[in-house]
Trainee: 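If you scroll down you'll find the structure; I have some questions about it.
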Protein chains: 2
Amino acid sequence: MAQPPARTLTRECIATAALRVLEREGLAGLSMRKVAAEVGAQAASLYWHVRNKEEILDLLGDAIIADAEVPPRTGDWREQYLEYGRRYRALLLAKRDAAKVVAGRLSTGPRVLAVLEDQLDRLREAGFTDADAAMASYLLSAYVQGFVLQEQSPLSATEAAGAGRGQAAREAGDVFRALPAEDYPNLVALADDLTDPDMDTRFEFGLQRIADGLAALLT
Amino acid sequence: MAQPPARTLTRECIATAALRVLEREGLAGLSMRKVAAEVGAQAASLYWHVRNKEEILDLLGDAIIADAEVPPRTGDWREQYLEYGRRYRALLLAKRDAAKVVAGRLSTGPRVLAVLEDQLDRLREAGFTDADAAMASYLLSAYVQGFVLQEQSPLSATEAAGAGRGQAAREAGDVFRALPAEDYPNLVALADDLTDPDMDTRFEFGLQRIADGLAALLT
DNA sequence: CGCAGCCCCTAACACTGTTAGGGGCTGCTC
DNA sequence: GAGCAGCCCCTAACAGTGTTAGGGGCTGCG
């Protein structure tokens, strides 16, 4: 790692390096020094191209969305809206800690704007009010971000060592089943439903409800 | 601050102290040393009662939800479901950075479980399948968390100095309006709708759509 | 009395983001 | 060609972070 001349480093160069560090070490392990080392430079050198670590996170947010592809323009607006949601979730699941990076960050990178533009175009074409189209778009991204964040959140402090997806769900199931049934009858009864590790259908459920609710606006 | 004998410190004591520090300094400014100082102790002393900083954040998550109140049991399930969402959002807005604390954290504190238990009870009583009730509950919390997180996220690196709520929205509006209209016709046209600072009605919009979608399951 | 144990301390470790200041290297101007 | 401005990267340091090791007062029990 770290080629000696290293080529003059740019913001894009820093962004892709940060992306590699993020993939390797996770968001908590992402430091200025490590990003700098990844491009063969010193930490302080980054500050010539970037104001903050925060600005690097902004670049990361853009880079994560960068390889988004808009769904095909076939079928009705509903199928396209659903597909937007699915692809957004897939994007957040593809890169490590992507949801946490993107969560508290309103990106205005060109790639993000292009997707948003396209999405709004289809919603208006489908017959939604301007205000409704804007809110429908906002609703979708809020749901997807919130879902993936919950989906990836470990159970309390039982975290790090846990194996992949669904591990937390199974442990949560144990917690629910162990509860006193007279105090929490519903939690005990629904323990299996609440902790079903099939996140895909759980996500799809919410997505379909939202689409249904939006469809009711068009009648 | 910091009374000399300080009384023997407990986990609850640490939790409320952490809550005060969070309110004063924000999540980024919350450190072991500051929490310790708040209870009149040294940083290392905390580790007798708590394993990690992560565990303090868990305590914080519980403490934030602690003063949740379940909505009155009047009216239909829909009104109660909506009210759950509204109160959850209000809770996250009430304490500083509460959304960020709660976001990536599956709390199993007793207060959280009690609310969940009650919520599931009402959904089942309304006629939802066990699986649907569980998913409806999950859907609501995903939406609320995602929404508040987006709602509070600053616009790119224009952050810290910005005034309160709606400031980011107004600046985002400027960004959208300044875009080339031939490349982003919809973004320019909907700039006002996209950046309407009235977050309450925006939240309500999504909430109503979700409730509509769920209602369609009961027919 | 002595001895556990609980509880808190001081000191240190490795690491973080960030800034100050210095020095090569480029390319322009006289 | 000489000098100079600027870009770009460096070393060194600062204050602060989470966390651990080890010590030392208390308490209550045998």
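Proteins come first, then strands; the chains are lettered A, B, ... in the order of their sequence lines, and each starts at number 1.
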Trainee: Between dT11(D), dT19(D), dT18(C), which one does the side chain of Ala43(A) approach most closely?
Mentor: dT18(C)
Trainee: Taking only N and O in the side chain of Trp48(B), is any of them less than 4.0 Å away from OP1 or OP2 of dC8(C)?
Mentor: no
Trainee: Does Glu38(A) pair with Arg33(A) as a salt bridge, N-O distance under 4.0 Å?
Mentor: no
Trainee: Heavy-atom contacts under 4.0 Å between residues 27-35 of chain B and DNA chain D, which residues?
Mentor: Leu30(B), Ser31(B), Met32(B), Arg33(B), Lys34(B)
Trainee: Check side-chain contact (heavy atoms from CB on, under 4.5 Å) between Leu91(B) and all other residues, then give those that pass, not counting sequence neighbours.
Mentor: Ile65(B), Asp67(B), Ala68(B)
Trainee: Please name all residues satisfying ring pair (Phe, Tyr, Trp, His ring centres under 6.0 Å) with Phe203(A), sequence neighbours left out, ordered by chain then number.
Mentor: Tyr143(A), Phe147(A)
Trainee: Show every ring-ring contact (aromatic ring centres under 6.0 Å, His included) that has at least one partner inside residues 80-115 of chain A, sequence neighbours left out.
Mentor: none
Trainee: To the nearest Å, how far apart are Leu46(B) CG and dC6(C) P?
Mentor: 19 Å
Trainee: Which residues pass the side-chain contact (heavy atoms from CB on, under 4.5 Å) test with Gln80(A), not counting sequence neighbours?
Mentor: Arg73(A), Arg122(A)
Trainee: For residues 186-194 of chain A, which side-chain donor-acceptor pairs fall under 3.5 Å, sequence neighbours excluded?
Mentor:
| from | atom 1 | to | atom 2 | distance (Å) |
| --- | --- | --- | --- | --- |
| Asn186(A) | OD1 | Arg124(B) | NH1 | 2.7 |
| Asn186(A) | ND2 | Glu117(B) | OE2 | 2.8 |
| Asn186(A) | ND2 | Asp121(B) | OD1 | 3.0 |
| Asp192(A) | OD1 | Arg177(A) | NH1 | 2.5 |

Trainee: If only side-chain N and O atoms of Ser45(B) are considered, is one of them under 4.0 Å from the OP1 or OP2 phosphate oxygen of dC7(C)?
Mentor: no
Trainee: Strictly below 4.0 Å: does Asn52(B) bring a side-chain N or O up to OP1 or OP2 of dG18(D)?
Mentor: no
Trainee: Would you say a side-chain N or O of His49(A) is under 4.0 Å from OP1 or OP2 of dC9(D)?
Mentor: yes
Trainee: Enumerate the residue pairs fulfilling ring-ring contact (aromatic ring centres under 6.0 Å, His included) with a member in residues 33-63 of chain A, sequence neighbours excluded, ordered by first and then second residue.
Mentor: none
Trainee: Would you mind reading off the distance between Tyr47(A) atom OH and dG17(C) atom P, rounded to a whole angstrom?
Mentor: 6 Å
Trainee: Check the distance between dT20(D)'s P and Arg51(B)'s CZ and give it to me in whole angstrom.
Mentor: 11 Å
Trainee: Just report the end-to-end axis angle for the helix from dC1(C)-dG30(D) to dC30(C)-dG1(D), five pairs per end, to 10 degrees.
Mentor: 20°
Trainee: Using the side chain to side chain donor-acceptor pair (under 3.5 Å) criterion, which residues pair with Glu83(B)? Sequence neighbours excluded.
Mentor: Arg86(B), Arg87(B)
Trainee: Out of dA12(D), dG18(D), dG17(C), which has the shortest distance to the side chain of Lys53(A)?
Mentor: dG17(C)
Trainee: Does the distance from a Lys or Arg side-chain N to an Asp or Glu carboxylate O, for Glu23(A) and Lys95(A), drop under 4.0 Å?
Mentor: no
Trainee: Let me know the distance between CG of Leu57(B) and P of dT17(D), rounded to the nearest Å.
Mentor: 14 Å
Trainee: In whole angstrom, give the distance that lies between atom CD of Gln42(A) and atom P of dG17(C).
Mentor: 14 Å
Trainee: To the nearest Å, how far apart are Glu55(B) CD and dG18(D) P?
Mentor: 15 Å
